[in-house]
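A short write-up of the structure that comes next.
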Amino acid sequence: MKSTLLKMSLLILVSLSLGCQALKMDYGQPAAQFLEKDVATAGKKYLGKKITIKGTVTRIDVSNPQAGWIHLGNGIRCDFSRLPAMAQSKKPGDTAFIDGILKHCEEGNILLESAMLRDPTAPFSPQR
């Protein structure tokens, strides 16, 4: 009985934590906004937080039907696994405003998870 209750409690906690990230992406305002050239140097203090990056699409990878990736300059990878069709809407050379949770932030290795395209007409005030 105790082990079942413990398992159910853990399941609820995990579900809530995953749900919170989805809510943060869907409704939360970004903690910061960056041009692609500035993320590696100015973004580290925003690890685990929702940010916006404005950059130029260098590559799209939609070879896996359950995943979608948009690559920007400076080694920025944006994981669109929640919305692979959204990744397909861009092409190399396009300018993109992308929201996501900053998971890695090192020069040449920047990762946004749960990425989604942002309305290009929405307010954008990049930090440097």
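- Side-chain atoms of Ile98 and Thr52, non-hydrogen and from C-beta on, never get closer than 4.5 Å to each other.
- Heavy atoms only, all atoms of each residue included: Asp61 and Ser63 are closest at OD1-OG, 2.8 Å.
- Counting only distance, with no hydrogens or angles, the side chain of Asn109 and the backbone of Glu106 share no donor-acceptor pair below 3.5 Å.
- Between Lys90 and Leu117 there is a side-chain heavy-atom pair separated by less than 4.5 Å.
- Distance CZ/Phe97 to CZ/Phe124: 5.5 Å, rounded to 0.5 Å.
- Residue pairs meeting the side-chain hydrogen bond (donor to acceptor under 3.5 Å, both in side chains) criterion with at least one member in residues 116-128, sequence neighbours excluded, are Tyr46-Gln127, Asp99-Arg118, Asp119-Thr121.
- When all heavy atoms are compared, the tightest approach of Ala40 to Glu107 is CB-OE1, 3.3 Å.
- Under the 4.5 Å side-chain heavy-atom criterion for grouping Ile, Leu, Val, Met, Phe, Trp and Tyr, Leu35 is not connected to Val57 through any hydrophobic cluster.
- Closest approach of Pro65 to Pro84, counting heavy atoms only: O-CG, 3.9 Å.
- No donor-acceptor pair closer than 3.5 Å links the side chain of Asp94 to the backbone N or O of Ala96.
- In terms of modelled atom types and a separation under 3.5 Å, the side chain of Glu113 and the main chain of Ile101 share no donor-acceptor contact.
- Shortest non-hydrogen contact noted between Lys54 and Thr95 is CE-CG2, 3.8 Å.
- For the pair Ile60 and Ile70, the tightest heavy-atom approach, listed with the atom from each and the gap, is CD1-CG1, 3.6 Å.
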